[in-house]
Number of protein chains: 2
Amino acid sequence: MQITSRFTIAVHSIILIAYNQDMKVTSKLIAGSTNVNPVIVRGVLSQLKEAGIVNSRQGATGITIAKPLSEITFYDVYKAVDSVKDEGLFHFHENPNPDCPVGRNIHSAMDGRLNQIQTSMENEMKQIRLSDIVGDVQSIIESEQNS
Amino acid sequence: MQITSRFTIAVHSIILIAYNQDMKVTSKLIAGSTNVNPVIVRGVLSQLKEAGIVNSRQGATGITIAKPLSEITFYDVYKAVDSVKDEGLFHFHENPNPDCPVGRNIHSAMDGRLNQIQTSMENEMKQIRLSDIVGDVQSIIESEQNS
DNA sequence: TCAAGTTGTAATATGATATATTATAAGTGT
DNA sequence: ACACTTATAATATATCATATTACAACTTGA
């Protein structure tokens, strides 16, 4: 069980837009670079737009980034793109038996710990800025050119 | 996208066995308490057995715990039960375009950070022992009885 | 103004996978 | 020997992520 590729698609998209600052980046171009269906890409972009991370106008060619990359963290993207925002990271089995002392209480006994784990992961995601990733991608590309 | 309920099923099972130390706990009893299909429960138990967390013998009634609860962490259970052990927490979109500088390099630019996040989450899971959970369940049950 | 191209979405199909179910083998213990 | 359990294979069902088809709404340049 894994976190949806929507997250990496979203990061890829933002980096692509940033890397091609001078040209108009369309959802078709992003679909080509990610190798993901254009409708899915537009769906992801739509969520990023709703979160205030990118800008776009219906009919107007090109997606742009709404704020400095140093102000966008992995967490922001993850939250923007995660469709099931309110469910936790862990999927609890649905209906433990209320007639069993353990079944009746296991959920509340575990919830705090599960949240603690999720929070720790999210805090780590808050540490990583998209400006870091652009930087890394650019150095890799430069090193490609010098060989 | 969430982490499979197999994890919480596994924890629930272990706690149930620990709570009923004196009686023989069968997979049927566990299925009843978790409200999960017996075959699934036995599959989870089978993985826990392979990881050295529980003991069982074909034909012999009852599942037992193989080592002190204080030596079993959430991480141990998570690893034991996670079917896709080698794939990471994040699902990367499959085939970014190698003809695009960003598409060609985004994966390696992100991988380190994604691992860092996963590691942070796993470290948090290593902090939590099943003895903590049994303790919490027992205090909740006791407080139920005093009301 | 109109035609080509783009964003934005709805509706549906496909594919993958987690859980449920059915069936049966193999072992235990009274 | 019989009832019960663990173990597992094979299949079905359900859910959900991604792909696809279709079309509406908008922009912009000719």
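Everything numeric here is computed off the predicted structure, so don't read it as measured data. Note on naming: letters A, B, ... go to the chains in the order of the sequence lines (proteins, then strands), and numbering restarts at 1 for each one. Excluded from the calculations below are hydrogen atoms, water molecules and symmetry mates; all remaining heavy atoms, backbone and side chain alike, are included.
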Main-chain N/O of A:Ile30 paired with A:Ser33 side-chain donor or acceptor, under 3.5 Å: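 Answer holds: no.
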Is there a donor-acceptor pair under 3.5 Å between the side chain of A:Asn35 and the backbone N or O of B:Asn95?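 Checking the backbone N and O of B:Asn95 against the side chain of A:Asn35, a donor-acceptor pair under 3.5 Å is found.
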For [X] and [N], what is the distance between atoms [atom1] and [atom2] respectively, to the nearest whole Å?
| X | N | atom1 | atom2 | answer |
| --- | --- | --- | --- | --- |
| A:Leu48 | C:dT7 | CG | P | 14 Å |
| A:Gln58 | C:dT7 | CD | C1' | 5 Å |
| B:Lys49 | D:dT6 | NZ | P | 11 Å |
| B:Asn55 | D:dA7 | CG | P | 10 Å |
| B:His91 | C:dG15 | NE2 | P | 15 Å |
| B:Arg6 | C:dT17 | CZ | C1' | 11 Å |
| B:Leu45 | D:dA7 | CG | C1' | 11 Å |
| B:Gln47 | D:dA7 | CD | P | 13 Å |

Could you check whether B:Ile63 gets within reach of a base, just the sugar-phosphate, or nothing at all, counting any heavy atom under 4.0 Å?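 If one applies the 4.0 Å heavy-atom cut-off, B:Ile63 turns out to touch the sugar-phosphate alone, with no base involved.
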What contact category does A:Gly62 fall into here, base, sugar-phosphate, or nothing, at under 4.0 angstrom with non-hydrogen atoms?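 Answer is sugar-phosphate: A:Gly62 comes under 4.0 Å of backbone atoms only.
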Is any side-chain nitrogen or oxygen of B:Ser5 closer than 4.0 Å to OP1 or OP2 of C:dT19?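 For C:dT19, OP1 or OP2 has a side-chain N or O of B:Ser5 closer than 4.0 Å.
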Does B:Arg57 make a side-chain N or O approach to OP1 or OP2 of C:dG27 shorter than 4.0 Å?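 No, because none of the side-chain N or O atoms of B:Arg57 sits under 4.0 Å from OP1 or OP2 of C:dG27.
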Restricting to nitrogen or oxygen on both sides, can you table the protein-nucleotides 19-22 of chain D pairs closer than 3.5 Å?
unit_1: D:dA19; atom_1: OP2; unit_2: A:Asn37; atom_2: N; d: 3.4
unit_1: D:dT20; atom_1: OP2; unit_2: A:Asn37; atom_2: ND2; d: 3.3

Is it true that the side chains of [X] and [Y] contain a donor and an acceptor less than 3.5 Å apart?
| X | Y | result |
| --- | --- | --- |
| A:Gln118 | A:Glu122 | yes |
| A:Asn123 | A:Ser120 | no |
| B:Thr8 | A:His93 | yes |
| B:Arg129 | B:Thr73 | no |

Flag yes if B:Met121 and A:Tyr75 sit in one hydrophobic cluster, no otherwise; membership is Ile, Leu, Val, Met, Phe, Trp, Tyr, and two members link when side-chain heavy atoms are under 4.5 Å apart.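 Yes, it is one cluster - the side chains of B:Met121 and A:Tyr75 are joined through contacts under 4.5 Å.
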B:Val11 with B:Ile141, same ILVMFWY side-chain cluster at under 4.5 Å: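 Yes, B:Val11 and B:Ile141 fall within the same hydrophobic cluster.
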Worked check of salt bridge (charged side-chain N to carboxylate O under 4.0 Å, His left out) between B:Asp76 and B:Lys126: CA-CA 8 Å; B:Asp76 298 325; B:Lys126 289 178 186 170; over 6 Å; no
Strand-adjacent residues in residues 15-32 of chain B, judged by heavy atoms under 4.0 Å from DNA chain C: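 None, since no heavy atom is under 4.0 Å.
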Counting side-chain heavy atoms from C-beta on, which of D:dA25, C:dT6, D:dT5 comes nearest to A:Thr61?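 For A:Thr61, the side-chain atoms sit closest to C:dT6.
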